Structure formats: C-alpha cells, structure tokens
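These notes concern the structure reproduced below.
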Amino acid sequence: MQCNQTAAWQSLAQLRVRQASDWDIRQSFASDSERFDHFSQQAPHVFADLSKNAWDGEVERRLMALARECRLEQWRSALFAGDPINATEHRAAMHWLLRMPADGGALAAGGEGLQAGLQQDLQLVHHTLDAMLALAEQVRADAFITDVVNIGIGGSHLGPEVAVNALEDWVTPGKRFHFVSNVDGHELGHVLDRVDPQHTLFIIASKSFTTAETMLNARSAREWFVAQLQAVTPAVQAEALARHFVALTTNVVAAAEFGIRTSLPFWDWVGGRYSLWSAIGLPVAIAVGAERFREMLAGAHAMDAHFVQTPLERNLPVRLALLDVWYRNFMGYGSRCMAAYSHGLRRLPAYLQQLEMESNGKGVDREGQLLGVQTSAVVWGEPGTNGQHAFFQMLHQGQDVVPVEFIALRDGGKHLGAHHRSLVINAVAQAQALLMGRYDGRPEQFCPGNRPSSFLLLERLDPAAFGALVALYEHRVFCSGVIWGINSFDQWGVELGKLLAQDLQARMARNDWTGVDASTAALLHRLLPEEVVGASA
Ligand code: F6P
C-alpha cells in the first residue's frame, strides 16, 4: 500500500483542505503561548526550533499516524538490523555501523544489541578505522607532505570536502587540501600547477574504482606524476607511485592494477553518499587527526542512538522528515532553501543535494510500482549572509513559497567575535522577516510574511556537532523515503547518462553518428572538432 492510500494520508488531505487559505503561522503564535516549547527540542548537539513552520499539533499528530501506518518504526529496526533494505542492489545500508564504538556504544547501552552476524562486520570496521587513522597520523607527522589531493566524485568527494571545510578551526596548519572531482581538466590542471609531486599525496577515492571521471583524473594525475619524475627506472617509478598514491575503495583489486599498493577498503553496504564515515574520510582524518575524527564519529553515533531510542514524537530526524512530507505533498512546496549561517558549512547544500536528491528523487516504490505522490524536494542554498544579497528577495516577495532551513552556531569559534554576533543576528532577523512580513501601504515594499522556516542551532561547529548534524540529515532522508515507500539507497537514474556518455564516446572513436537524434548530433557537431564529428553529424 502506498502512502497516499493510508487512512492517515486521507485525514491529512482533508485537514489541509479545511485550513487551506486562512492558515497563518503568526496567528498560531498568538493563540498558542506554548508553541515554541512544543515545536522546539534538543537532540544530540543540535537544538531545533520548528515553531515557525506551517503546522500545528493536529497536523503533527496526523503526520505521526502516517509514519506509523507506513511502518517507520519497523523500517528503522530493519535498517539497524542490517537487513538488505536496498533491495534493488541486494544490500544492507549500514553507514551507522561505521560510527558505532567497538562495544556497541549508546545503542548497546540502550538495549539495542547488535545482531549476531554484524559483530564480525563491526570488527572489520574498527580494524580498517584503526588502519586509516594510523595512516592519517603518519601523513600528518610527515612534514615532507604539504599537499593532499583527493580525486573522487559524488559521495567520494562531497562528504570529505564539506567536513574539511567545516572543521577548518581544527585543521592542523602545514597541509593544503585539494578536491578534484570534475572531469573538466581545468580543475585537475590548476591543482597540478600548484603542487610539487615530491610533496603531494594523491588519494584516489572511488567506491567502485570504475567511475569514468575519477578514473580519467586518476590516470592523468599518475601520468603527470610519472612525467615529473623524469627518466627513472620503472622500479623507481613504481616505488614513488606506491608512496604518493593511496586508494579508498571497495574494489582493491582494481586499485592494485592501477599501481596503488596502499588501499583502504570499505564495503558494498556503505552507500557512496553515506561513506564519509568510512575510509573515504581519510582526508578529514589527515586534516583534523585521529582523535577529532573519532569525535566526529561519536557525534554521529549519538544521533543514531537518538534516532533509534526516542519516541517518534520527540525524534528530530522523524519530525523534520514529516515536515518535509507535509510541505512536499500537502502544501505543494517543491524546494527547500538551506541557509547555513556559517562559512564552514558553505558546501553543505551541495552535500545535501546528493544525500537527499540522489536518495529520494525516485518515481517508483520498493515494489517497482509508479508512485502517485511527489518525492524529494529540490534542495539548494548558499551560506548566510551571502544569500541575503542574492536570492532572499525572492524568498520574501516572490510568488513561490520556499521553506528555509537556517543553521546557526552559538559559539562562532576562534575568529572575530563581532562578526559572529552580526552573523547570528542576521540569521534570526531573516527568519523573523519571513514570518512577520511587512505592509506599510507601499505595494513594492509588501512582504506577505507567513513564510515558513526551521532553525537548527549548534553549540559550535566542532567535530562531534558536525557528525551529529550530518547523521541527522541521513536519518531524516531515510524517514521521508520510508513514508514515500521508496528505496533511498539506490541511484539507477544516474546510470542512463553514464551509458549514453559511453555510447557517444564510442561513436566518437568510430566517427559514427547514425541514428542519433538531430539535436544531439547538432550539438556534438558544434562542440567537437570537425575531424572527430565527421560529415554524418
Ligand atoms: O553516479 C553516482 C554515483 O554512483 C554516486 O552514487 C557515487 O557517490 C558517485 O557516483 C561516485 O562513485 P564511486 O565512489 O564509485 O566513484
């Protein structure tokens, strides 16, 4: 049964029809003095104020009923039991195991013992984690290595990049971090222009070790590296490659064939976009050190425990996911704006785009039936205050309502306290402006207000809080995926483009464009050199 066939869905739809036009969040504040208390809560490392949203206790109660009718609690148990819930790929989704302490941590303390079969996986996780952190410490101590270049894309890029940026107050000076993901040669080329091969560690991060962009970048980096060594014997080249190239992958055989001797493995039950906690986190561990990396894992684990142990009504990932469903399916909002008032979180929107849209941008349910409801919203954004001077105009006066998610830090860290106070005040003022609006008789200044926002507050952007924040988003995405009845852990939609790119690449080699549609052929004719395209295009 799909979510829109449940009784709870029908009751939400009816409620929505009844409240349609006269719903006003400002009124709700006026008539309910406990609104803030009810809709705000503390979760591990994250305080959330959800009171400036277009919902009330009745809506929330019915959303909770929807969650229960869609068997959210049972799916959560299946996730944490290591069941193969990624059915199309016959895999479990056990990113949570990557941050579980060896003794089971808070989950074991709460009575949620690890399934017998998973004990071995946990041992393997800790074995690899120890090896990864030892390597990270070795690189950190090696003053000779000044530059670390991570070559990877999607989940093998965005998590480490957002984390290294977010934790920059904890990054030990003396090393520079570069992230190369795009197949556009400018990205790699500019990095190679700036680094010295003798002082550079290349990390080839790819779960599959087959992703076309990463493999081309890795080959080009290897070619450049070998060329820089100049006329040395193959044995010396191999030795140098072994010292300066490391692979993070589930496909250690392919990495060895590439000439890499040091590979840190992970497992097919770690989805690419959920892999920050695995060996894929090596750049983060090099940047902040083993102890801080463990703190990041601990923060995420604390959020796992919150998600597993807290009743749905006070469960932050669940509440956020239900709000997402309410907005997407009942209010008709097609996007959500992420406004992190933190320079450290400047890449969070890109990270969340993959996490949410690759996980939940789906059109069929777990049984392969077409869905009768909308799924993932578009997630987008820029850090505050920059966004205020760009697209906030539309958020305040545009014809579309876009829920905004603010993130702010109480303690801004080591830089310039006056700036931090200004940053925080701006974040709160924007949320207030969205809610209150303005009408002073001049139509051009009319801001309708009643525009929804959520506000997440971290004590400070330290490794534990960052880990908790990311885990919060992972579980939120899982919950909305469960309500929509989809598999949030596969990504078949990205395959078609890869296949067609391969096909066009092969056609280019054969100079054969027969049967290609007129637009595609014409574009290639304009984009590729004449001798490559040939007359048939
Ligand atoms: O194309 C999408 C995708 O498969 C993502 O899911 C993944 O994170 C990314 O490509 C990179 O894959 P890999 O780590 O195997 O190179």
Side-chain angles (χ1 to χ4, degrees), residues 85-95 98 128 132 149-163 179-184 187-188 202-222 245-258 260 263-284 347-362 375-376 379 470 473-474 477-478 481 486-505:
I85 57 174
N86 176 0
T88 60
E89 297 180 315
H90 316 291
R91 291 174 187 165
M94 299 201 295
H95 38 284
L98 298 166
T128 309
M132 191 267 266
V149 180
N150 190 83
I151 296 180
I153 197 164
S156 300
H157 156 227
L158 292 163
E161 186 185 44
V162 72
F179 291 90
V180 175
S181 53
N182 202 326
V183 76
D184 183 339
E187 192 173 28
L188 178 64
F202 288 94
I203 297 175
I204 313 301
S206 175
K207 179 178 170 181
S208 58
F209 223 77
T210 59
T211 301
E213 295 94 323
T214 300
M215 289 301 104
L216 184 52
N217 278 327
R219 283 195 298 274
S220 298
R222 182 181 59 184
F245 280 71
V246 171
L248 315 174
T249 185
T250 59
N251 189 356
V252 288
V253 174
E257 281 165 9
F258 184 89
I260 294 182
S263 282
L264 292 167
F266 58 109
W267 307 276
D268 66 1
W269 46 259
V270 184
R273 53 191 174 274
Y274 300 87
S275 64
L276 166 64
W277 327 97
S278 71
I280 289 291
L282 178 65
V284 188
R347 292 290 286 154
L348 187 66
Y351 176 81
L352 293 179
Q353 278 169 345
Q354 189 197 15
L355 180 64
E356 297 204 28
M357 293 158 76
E358 199 173 75
S359 296
N360 284 349
K362 307 280 166 70
T375 55
S376 177
V379 179
V470 174
Y473 282 110
E474 287 179 348
V477 166
F478 170 76
I486 59 186
N487 176 1
S488 298
F489 298 103
D490 62 9
Q491 56 285 318
W492 295 101
V494 296
E495 295 305 318
L496 177 61
K498 288 185 195 174
L499 284 176
L500 290 180
Q502 274 167 18
D503 175 59
L504 292 176
Q505 190 89 31

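Counting convention: from 1, in listed order, for ligands and their atoms alike. This structure is a prediction, so every number in the text was calculated from the model and none was measured. Along the sequence shown, the residues carry numbers beginning at 1.
With sequence neighbours excluded, the residues forming a ring-ring contact (aromatic ring centres under 6.0 Å, His included) with Phe245 are Phe202, Phe225, listed by chain and number. Considering only residues two or more places apart in sequence or on other chains, Ala218 meets the side-chain contact (heavy atoms from CB on, under 4.5 Å) condition with Ile204, Phe258.
Using a 4.0 Å cut-off to heavy atoms of Val494, the atoms of ligand 1 that qualify are 1 (O), 2 (C). Close approach of ligand 1 to Gln354 is summarised as follows: ligand atoms under 4.0 Å from at least one heavy atom of the residue are 5 (C), 6 (O), 7 (C), 8 (O).
Residue Glu358 holds the heavy atom nearest to atom 5 (C) of ligand 1 of all those in Lys207, Arg273, Glu495, Glu358. Comparing Gln491, Lys498, Glu213, Met215 against atom 10 (O) of ligand 1, the shortest heavy-atom distance belongs to Lys498. Nearest to atom 16 (O) of ligand 1 by heavy-atom distance, out of Asp490, Asn251, Thr211, is Thr211.
Among the atoms of Thr214, none of the N or O lies under 3.5 angstrom from an N or O of ligand 1. Residue contacts with ligand 1: Gly155 is placed with a nitrogen or oxygen under 3.5 Å of a nitrogen or oxygen of the ligand (distance criterion only).
The protein atom (non-hydrogen) at minimum distance from atom 9 (C) of ligand 1 is Ile153 O, 3.7 Å. Of all protein heavy atoms, the one lying nearest to atom 15 (O) of ligand 1 is Ser208 OG, 2.6 Å.
Between the side chain of Glu187 and the backbone N or O of Ser181, at least one donor-acceptor pair lies under 3.5 Å.
Around the CD atom of Gln505, the shell of radius 6.0 Å holds no more than 12 heavy atoms that belong to other residues, nucleotides or ligands.
When only modelled atom types and interatomic distance are considered, Asn251 and Ser208 share no side-chain donor-acceptor pair under 3.5 Å.
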Exercise for review: Could you walk me through whether His157 and Arg347 pass side chain to side chain contact (heavy atoms under 4.5 Å, CB included), step by step?
Suggested key: CA-CA 11 Å; His157 156 227; Arg347 292 290 286 154; 3.9 Å; yes
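Checking each of Val180, Leu282, Val284, Ile203 against Asn150 for a side-chain contact (heavy atoms from CB on, under 4.5 Å) leaves exactly one that passes, namely Ile203.
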